[in-house]
Colleague: 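Starting off with a structure, shown below.
Order of the sequence lines fixes the chain letters, A, B, ..., with proteins taken first and strands second; residue numbering starts at 1 for each chain.
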Amino acid sequence: MFVRVQKEDFSLKLVEERFSEYTKLQGAKIGAIVTFTGLVREFQHTSEDQEEVQALILEHYPGMTESVLEQIAQTAIKKWQLNDMLIIHRVGTLFPTDNIVLVAAASAHRQDAFDACQYAMDILKTSAPFWKKEQTNKGERWVDAKSSDYNAAGQWITQDLQEN
Amino acid sequence: MFVRVQKEDFSLKLVEERFSEYTKLQGAKIGAIVTFTGLVREFQHTSEDQEEVQALILEHYPGMTESVLEQIAQTAIKKWQLNDMLIIHRVGTLFPTDNIVLVAAASAHRQDAFDACQYAMDILKTSAPFWKKEQTNKGERWVDAKSSDYNAAGQWITQDLQEN
Amino acid sequence: MITVLFFAKYRELLGTEQLQLEAESFSSVRDIAQHLSQQGSEWHSIFEQANTMVAVNQKMAKLDSPIQDGDELAFFPPVTGG
Amino acid sequence: MITVLFFAKYRELLGTEQLQLEAESFSSVRDIAQHLSQQGSEWHSIFEQANTMVAVNQKMAKLDSPIQDGDELAFFPPVTGG
């Protein structure tokens with residue numbers, strides 16, 4: 001498990017390095033790697049009067065963010081018997097095309113890695129204490145939470161309840 | 001759209017290069033990138049008498065493989081309004097820990113990229129003319145198609161029928 | 001002492017990043033919220049919102065969650081990372 | 001002429017990668033399959049299998065698919081890439 005909150009950029013190379021390290025220790029057990037990268041778009045909104053994003057300021061709750069991300073990774077590793085999981089989230093000032101978040105899961109079979117990555121993103125979006133403030137051509141504003149994100153996260157909870 | 005069948009290895013760096021090329025031409029429209037990498041495992045089977053895989057020989061139908069992969073990418077790009085999609089599949093002799101296949105999708109929102117990658121893998125597994133032969137400690141054998149792969153691919157067809 | 005933190009929009013609205021309260025008068029998150037909501041209209045508006053989130057010692061908590069001397073509370077709007 | 005290709009397990013089983021047939025006698029994939037299945041027990045076994053796949057000019061086809069002079073057919077077992 002590898003979890004980090006950082007100002008610095010990251011690259012997918014980290015995923016290859018991290019999981020090939022796993023393979024050196026554990027043997028060729030990884031059959032599937034799924035990665036998710038979230039990036040800053042110029043236009044975050046789909047409404048008619050689109051505001052062009054000039055920068056995104058990412059604030060977080062130091063200490064709590066790391067422990068929530070670790071909790072997410074631990075839960076995912078157990079739930080899908082992953083080989084390994086990696087989560088990196090950036091904070092500070094970001095610009096369009098910049099990376100924001102990286103989630104990667106390694107498993108024997110592909111469905112587990114896909115599900116684990118989606119789970120991690122859905123839970124991260126609604127539970128990890130990060131907040132985005134947009135600087136647009138019309139001023140600054142805090143990004144509102146999306147109900148679609150809460151619906152996505154809620155599905156996993158509903159699923160867990162049905163399984164128990 | 002980028003589709004290639006090759007003997008050579010690939011790295012996730014290619015995804016970053018390809019999609020940043022897209023961004024240079026089209027602006028910061030990509031908000032989500034999902035990648036899937038399939039790798040050779042030591043033990044492909046979960047049965048009790050596990051055969052250790054020493055090598056995997058990947059045969060294909062030159063010409064048809066490329067056109068099937070292009071068809072998959074084109075369909076995915078339309079179905080989920082992707083920014084771009086990339087598919088690379090290796091052929092020839094591969095060894096445990098080697099990469100086999102890479103699928104990457106870029107979209108504005110994460111669910112589209114996740115769905116498109118899963119779709120591409122499910123259809124590739126059942127429609128693209130590749131065949132695996134395993135060399136194990138107990139001899140050679142052609143890998144049997146898995147019914148779970150056909151069920152996964154069938155879901156998309158069922159979904160399409162319901163939507164129409 | 002109990003430390004109370006505010007993040008993002010709330011931090012800006014209140015002009016307050018952190019404050020300290022004497023522990024004696026409070027036994028639950030609700031007690032703290034009620035106390036703070038009387039500090040002015042901005043304070044009131046935050047604790048009136050149904051979706052205000054609270055953490056106790058960096059773990060998600062509820063209005064009913066107990067608190068004690070030395071705890072760190074944080075109030076913040078729904079998270080928007082990722 | 002019609003070109004017929006075999007891949008993977010079928011190629012090995014038949015010891016045949018490719019063969020040519022005169023186009024005149026065949027109007028559908030089924031005609032070719034019936035002709036070839038009479039060439040010996042290995043040939044018969046392949047066309048007896050319900051999951052044998054066929055492509056005409058590098059597109060997935062069916063037993064009923066029409067064929068004509070110049071076409072490229074391929075018979076192969078279920079694919080196992082990815």
Colleague: Go through the atoms of A:Asp149 and report whether side chain, backbone, both or neither lie under 4.5 Å from a heavy atom of chain C.
Modeller: neither
Colleague: Pick whichever of C:Lys59, C:Met53, C:Glu12 has the most heavy-atom pairs under 4.5 Å with chain A.
Modeller: C:Glu12
Colleague: A:Trp131 vs C:Phe7 aromatic rings, parallel, tilted or perpendicular, using cut-offs 30° and 60°?
Modeller: parallel
Colleague: Looking only at the side chains, is there a donor atom on one of C:Tyr10 and C:Thr16 sitting less than 3.5 Å from an acceptor on the other?
Modeller: no
Colleague: Assess whether salt bridge (Lys or Arg N to Asp or Glu O under 4.0 Å) is satisfied between A:Glu59 and C:Arg11, documenting all intermediate values.
Modeller: CA-CA 11 Å; A:Glu59 178 172 332; C:Arg11 178 179 46 72; 2.3 Å; yes
Colleague: Pick one of side chain, backbone, both or neither for A:Lys125, based on which atoms fall under 4.5 Å of a heavy atom in chain C.
Modeller: both
Colleague: Should the ring pair C:Phe76 and A:Tyr61 be called parallel, tilted or perpendicular, given that the plane angle runs from 0 to 90° and is split at 30 and 60?
Modeller: perpendicular
Colleague: Please flag which part of C:Ala8 lies under 4.5 Å from any non-hydrogen atom of chain A: side chain, backbone, both or neither.
Modeller: both
Colleague: Which class fits the ring pair A:Tyr119 and A:Trp156: parallel under 30°, tilted 30 to 60°, perpendicular over 60°?
Modeller: perpendicular
Colleague: Against chain C, work out which of A:Phe130, A:Tyr150, A:Trp142 has the most heavy-atom pairs shorter than 4.5 Å and name it.
Modeller: A:Trp142
Colleague: What residue in C:Gly81, C:Ala74, C:Ala55 has the most heavy-atom pairs under 4.5 Å with chain A?
Modeller: C:Gly81
Colleague: In terms of side-chain heavy atoms, does A:Asn83 have a donor or acceptor partner in A:Tyr22 at a distance below 3.5 Å?
Modeller: yes
Colleague: Flag the pair A:Lys133 and A:Glu140 as a salt bridge only when some basic side-chain nitrogen lies within less than 4.0 angstrom of an acidic carboxylate oxygen.
Modeller: yes
Colleague: Please classify the contact between A:Phe36 and chain C as side chain, backbone, both or neither, with a heavy-atom cut-off of under 4.5 Å.
Modeller: neither
Colleague: Look at C:Asn51, C:Val79, C:Asn57, C:Leu5 and state which one has the largest set of heavy-atom pairs under 4.5 Å with chain A.
Modeller: C:Val79
Colleague: Where does A:Ser67 contact chain C at under 4.5 Å (heavy atoms): side chain, backbone, both or neither?
Modeller: side chain
